[in-house]
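Report on the following structure.
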Protein chains: 2
Amino acid sequence: MSMSASLRGRTSLARQLAEDVRSRIMSGEFAPGERLPSEADLVRRYEVSRVTVRTALRTLEAQGLVDVRHGSGSFVSDFGGGIRAGLQELRSISDTIREMGHEPRMERHASERRPATATETAKLGIPVGAEVLALERMVLADEQVVAYSFDVVPLDGFPVELVHQLGAGSLFATLAEAGIMPSRALAEVHAISDETIGWGPQKPVPGLYVLLDQVHFSRRGSAVAYSRTYFVEGRFQFVVLRTN
Amino acid sequence: MSMSASLRGRTSLARQLAEDVRSRIMSGEFAPGERLPSEADLVRRYEVSRVTVRTALRTLEAQGLVDVRHGSGSFVSDFGGGIRAGLQELRSISDTIREMGHEPRMERHASERRPATATETAKLGIPVGAEVLALERMVLADEQVVAYSFDVVPLDGFPVELVHQLGAGSLFATLAEAGIMPSRALAEVHAISDETIGWGPQKPVPGLYVLLDQVHFSRRGSAVAYSRTYFVEGRFQFVVLRTN
DNA sequence: GAGTGGTCTAGACCACCCT
DNA sequence: GGGTGGTCTAGACCACTCA
């Protein structure tokens, strides 16, 4: 397909196409409300099959970026310039922030090796007392706090030389390096009001958060991490396409 | 395809297949943890293409019923069976409550015909000043408040004889009767702390809610309702399967 | 009626898991 | 190596929207 070489790799054509269209939307090449090229056009332009085009459009639709209308075309959704993430799409927070045109940064606040708690053994399906690495991190976009994250990674079988790197940057990136890329996560969504969560000069007042309480699984079905991420209400926009 | 005639109709083959497999899972024909027939098997059994089979499997996976593993097969999820309100699954609140084994009840608090506000015209894509029916309702499960819902339905083209019925029971049911069954909704998820939301003797203190701010669309892509539903934190469990 | 998205097919090749 | 899912193609027909 005729897009920049940097996009090539082992990511699927559909994903590459979605990324490309998304970046064009972000850059303003396709403005909100505007109609995107038809599926047939996209087939010709990118030299892919229509199935691939449709897969990409469905991804963008699930992210709330485009609105596909039968018989009319696909239109760029009008959304507030905030960070908009499709809830059902699993990706690193860093990547999501970067894709929305902001600069992500992770700041590690605490890091501790300790036995897993009862909750953690249950969520992760590991033996009682198994060793885990517990992290407390702050997530920033353009130096503004967008979330506080509390992550727990089982250390059994985890490469020793990579342990210190956990939480230094993107957790996903380190997990991927260790060969256990999360491919699925089961998340619970909660509203939390708690002044004791968070830290730093930008600590939000009042402490109102959308909590994603989630267990990450590898492709083989084993739990690789348990995360509680508190997203500062209003700074991160979660959208879900619900269908029946 | 070779399934019961009652399933035939205007629903897609993929949906019929998904429904069929789901009912077999529910009936216990396929037990949790068990492997489903391979995609190739399903292609032969149901006499459909592999794309159709895969579409159906992806639907079941998104509902958390099936776990598809590359190279191994598709397995019936064993974390299922419990109480789960899949966020990406669009259904009426009443049905969801009933499926969770509780008795739903809707109590209409207010109902007003009025011109749409600026926000509503934008969300619903209707002309400025178009008439809408605005509802304020309380959602109960076993007589306990689980949510407060603020719904707006455009009245242009809506059957006059059904207007009074809107909000009396399930909104979905009335919309379906009017021939405009919501098939998709784009929802934003927020955490809200607001003491002024809600009413009645059970009004929660403090007022902490998970807000689903959503626009419902018909199959044809026209907006049929705009809802802001405030779910009392802790009483309704939202789960999302996230994949990449 | 022309153009758009919605669905479906048959076939191909690749990546992964297991034994 | 054999079976399984992951991705992709080219082509077909249908349903819907809009001028």
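Letters A, B, ... mirror the listed sequences (proteins, then strands); counts begin at 1.
With salt bridges taken as basic N to acidic carboxylate O contacts below 4.0 Å, one links B/Lys123 and B/Asp213. Look at B/Glu61 and B/Arg58 and you find no salt bridge, because none of the NZ, NE, NH1 or NH2 atoms lies under 4.0 Å from a carboxylate O. A salt bridge between A/Glu131 and A/Arg113 is present, with a side-chain N of the basic residue lying under 4.0 Å from a carboxylate O of the acidic one. The pair A/Arg44-A/Glu39 fails the salt-bridge criterion, with no side-chain N (NZ, NE, NH1 or NH2) lying under 4.0 Å from an Asp/Glu carboxylate O.
Figure legend: A/Arg137 and A/Phe150 shown without cation-pi pairing, the cationic atom not lying both under 6.0 angstrom from the six-membered ring centre and within 45 degrees of its axis.
Relative to the side chain of B/Val51, the nucleotides C/dG6, D/dC8, D/dG5 differ in distance, and D/dC8 lies closest. Taking every side-chain heavy atom of B/Ser38 into account, D/dG5 is the closest of C/dG5, D/dC8, D/dG5. In this structure, the nucleotide among C/dG6, C/dT9, D/dG5 sitting nearest to the side chain of A/Val68 is C/dG6.
If you take CD of B/Glu39 and C1' of C/dA15, they are 14 Å apart, rounded to a whole angstrom. Put simply, CG on A/Leu42 is 15 Å from P on D/dA10, counting in whole angstrom units. Going from atom CE of A/Met181 over to atom P of C/dC16 covers 14 Å, rounded to whole Å. A/Asp67 has its CG atom 12 Å from the P atom of C/dG5, to the nearest Å. The distance between atom CG of A/Leu57 and atom P of C/dT4, rounded to the nearest whole Å, is 13 Å. Regarding B/His70, its NE2 atom lies at a distance of 8 Å from the C1' atom of C/dC17, rounded to whole Å. Per the geometry, CZ belonging to A/Arg35 stands 11 Å off C1' belonging to D/dT17, to the nearest Å. What separates CG of B/Asp41 from P of D/dG2 is a distance of 18 Å, to the nearest Å.
In this structure, B/Ser74 reaches the sugar-phosphate backbone alone: every heavy-atom distance under 4.0 Å involves primed, P, OP1 or OP2 atoms, never a base.
Considering only side-chain N and O atoms, A/Ser72 lies nowhere under 4.0 angstrom from the phosphate OP1 or OP2 of D/dT17. The phosphate of C/dG6 (OP1 or OP2) has no side-chain N or O of B/Ser12 nearer than 4.0 angstrom. Close to C/dG5, at under 4.0 Å from its OP1 or OP2, lies no side-chain N or O of A/Arg54.
For A/Arg50 against C/dG6, a side-chain N or O and a base N or O form a donor-acceptor pair under 3.5 Å.
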